[in-house]
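Notes for the one structure printed next.
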There are 2 protein chains.
Amino acid sequence: MPTKANTVNIDKRYHHGDVRAAVLARGLARLEEADAAALSLRELAREVGVSAPALYRHFRDRDALLDALAGEGAAQLAVRQRAASERAGGGEAGFTECGREYVRFALGAPHLFKLMFARLPPPDHGTNSMGAAVAFLHDSIADWLPPGAPDERRKIAAMYFWSLVHGLALLMLDGQLPADPTLVDRVIGREGFGAAFPPPLALAPQSRP
Amino acid sequence: MPTKANTVNIDKRYHHGDVRAAVLARGLARLEEADAAALSLRELAREVGVSAPALYRHFRDRDALLDALAGEGAAQLAVRQRAASERAGGGEAGFTECGREYVRFALGAPHLFKLMFARLPPPDHGTNSMGAAVAFLHDSIADWLPPGAPDERRKIAAMYFWSLVHGLALLMLDGQLPADPTLVDRVIGREGFGAAFPPPLALAPQSRP
DNA sequence: GTTGGCATGTTAGCACCGTAAACATAACGA
DNA sequence: TCGTTATGTTTACGGTGCTAACATGCCAAC
């Protein structure tokens, strides 16, 4: 059963084997029920079956542990974004589906989601963990905007939609708005724009699903 | 000088006088520099010049203290929203100014802003602390939408704009977007909508400041 | 006025936390 | 085979939220 050679499966062996992975897994599990502030290093160590100071061999301090958890979350989000867009086939449909997935992720893992934004560095160079999700957002926008759209415009559009979806997600998981999936559709879909802008300003009548 | 009769100003009197107000004031000040998680009850007690358990005469526990701080923040926000709207004279101008003020508040007091949404109950009955600001948002929308707009539509529009502004504020104060005031204007102003929607869908050409 | 009750302070102490220091174990490469 | 090194351990320190028991002094009823 053990993948590592010569690993004895006795419960009380001195070396755990992979404390880091175990702690991250337990941490993610713990975040499904409790706030990140309620996540104690000692508690995690206990649950993993190891002494507390052992964690310091794998994380500089509690902050670093939380950063790592946030990184895991960002990676998960990026994967799910990509899957959602593919599933919907790109274009406007793919983009809004991507937004829905964003909110879905947030509502499904509130504490992790909040932790991510509380700790992750800005997606500066497109390469760090959050960068993947954001870069994907930009690509999706590119799929949607007319081919010749200037880059500046694409950026504003991306920020615009990101803000919209991000705000909606957070207001819902903070209980300020009801966490209702159909409400998400209505707000980020055509109806939202239509409702937000009075008739003379509203969208030209077009493909209305 | 002392407003209370018979109050001696000697520094070392047994009764502080108003621990609650002093603690809230120090707490708000502390939140200007540090995260709410870094706010220690004992530290506040020390700074106010009182023993730690004394705080329990005025707050049930640390949570209640943070709730109170969040309440103070919500009150401040409501006041500033109203002022901003009046200053701009209602209508669309008043509404977007209101949104700008929202973001300005968030950027000016990041920790307090986050604390508010982490702890305040939903604006259920319009009467609690956050209710004031939200009710005001709805009124502003009413000023803007055509007079006969159905209530359902007004609600969606309110959620839409609230999400937009809320998300923008949080992305900025989490460092995911640059905290640039002119960027705020561009995203929540006409340019944002225009950039977000390709020409056939975009706003009809109209009063463009 | 005196006095007794009650709001508001105090000190002492508990269990928990994050983290550092010093030591123990075992995996691994020369 | 044996030292080096990664990875664990125990112990200890100062900080935290919070409770219990006790102290002080304001205020109102006598």
Side-chain angles (χ1 to χ4, degrees), chain A residues 2-27 30-31 33-70 111 115 118-119, chain B residues 2-27 30-31 33-70 111 115 118-119:
Chain A
T3 54
K4 298 191 71 169
N6 303 3
T7 300
V8 188
N9 235 348
I10 303 290
D11 235 32
K12 261 322 185 188
R13 64 199 192 286
Y14 192 90
H15 284 85
H16 173 286
D18 196 350
V19 167
R20 181 182 170 92
V23 163
L24 289 181
R26 267 315 290 160
R30 212 58 199 61
L31 277 179
E33 290 163 1
D35 193 55
L39 209 61
S40 122
L41 197 144
R42 291 177 109 116
E43 175 191 14
L44 281 180
R46 239 175 285 136
E47 290 179 346
V48 163
V50 100
S51 77
L55 302 203
Y56 286 84
R57 299 293 177 188
H58 305 271
F59 307 94
R60 199 166 43 72
D61 53 12
R62 199 187 102 110
D63 256 32
L65 201 170
L66 293 180
D67 285 346
L69 286 172
H111 305 306
L115 182 67
R119 315 197 73 89
Chain B
T3 54
K4 302 190 69 169
N6 303 4
T7 301
V8 188
N9 237 347
I10 302 293
D11 236 32
K12 260 322 184 190
R13 62 197 193 287
Y14 192 89
H15 285 85
H16 173 284
D18 197 349
V19 167
R20 182 183 170 92
V23 163
L24 288 181
R26 268 315 289 161
R30 213 55 200 66
L31 277 178
E33 290 163 2
D35 193 55
L39 208 61
S40 124
L41 198 143
R42 290 176 107 115
E43 175 192 13
L44 281 180
R46 239 175 283 134
E47 290 178 347
V48 163
V50 100
S51 77
L55 302 203
Y56 289 85
R57 300 292 177 188
H58 306 272
F59 307 94
R60 200 166 41 74
D61 53 13
R62 198 187 102 110
D63 257 32
L65 200 170
L66 293 180
D67 285 346
L69 286 172
H111 305 305
L115 182 67
R119 314 196 75 86

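Reminder, nothing fancy here: chain letters follow the sequence lines and each chain counts from 1.
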(request) Report the distance from atom CZ of B:R20 to atom P of C:dG9, rounded to the nearest whole Å. (result) 13 Å
(request) Check whether any side-chain heavy atom of A:F59 lies under 4.5 Å from a side-chain heavy atom of A:L24, and answer yes or no. (result) yes
Name the pairs: protein N/O against N/O of nucleotides 13-17 of chain D, kept only if under 3.5 Å.
{"from": "D:dT16", "atom 1": "OP1", "to": "B:S40", "atom 2": "OG", "distance (Å)": "3.2"}
{"from": "D:dT16", "atom 1": "OP2", "to": "B:R46", "atom 2": "NH2", "distance (Å)": "2.8"}
{"from": "D:dG17", "atom 1": "OP1", "to": "B:L41", "atom 2": "N", "distance (Å)": "2.7"}
{"from": "D:dG17", "atom 1": "OP2", "to": "B:L41", "atom 2": "N", "distance (Å)": "3.2"}
{"from": "D:dG17", "atom 1": "OP2", "to": "B:R42", "atom 2": "N", "distance (Å)": "3.0"}
{"from": "D:dG17", "atom 1": "N7", "to": "B:R42", "atom 2": "NH1", "distance (Å)": "2.4"}
{"from": "D:dG17", "atom 1": "O6", "to": "B:R42", "atom 2": "NH1", "distance (Å)": "3.0"}

(request) Only pairs at least two apart or in different chains count here, so list each side-chain hydrogen bond (donor to acceptor under 3.5 Å, both in side chains) that has a residue in residues 53-64 of chain B. (result) B:D63-B:R119
(message) How many whole angstroms separate atom CZ of A:R57 from atom C1' of D:dT10?
(response) 13 Å
(request) Measure the CG-CZ distance between A:L55 and A:R20 for me, rounded to the nearest 0.5 Å. (result) 11.5 Å
(message) Just the rounded figure in Å: distance from P of D:dC18 to CZ of B:R60.
(response) 9 Å
(request) Check the distance between C:dC17's P and A:L44's CG and give it to me in whole angstrom. (result) 10 Å
(request) Decide yes or no for A:R30 and A:E43: does some side-chain heavy atom of the first lie under 4.5 Å from some side-chain heavy atom of the second? (result) yes
(message) C:dG9, OP1 or OP2 - any side-chain N/O from B:H58 closer than 4.0 Å?
(response) yes
(request) Supply the atom-to-atom distance A:L44 CG to A:L65 CG, rounded to the nearest 0.5 angstrom. (result) 6.5 Å
(request) Give, for atom CG of A:L39 and atom CD of A:E33, the distance between the pair rounded to the nearest 0.5 Å. (result) 11.5 Å
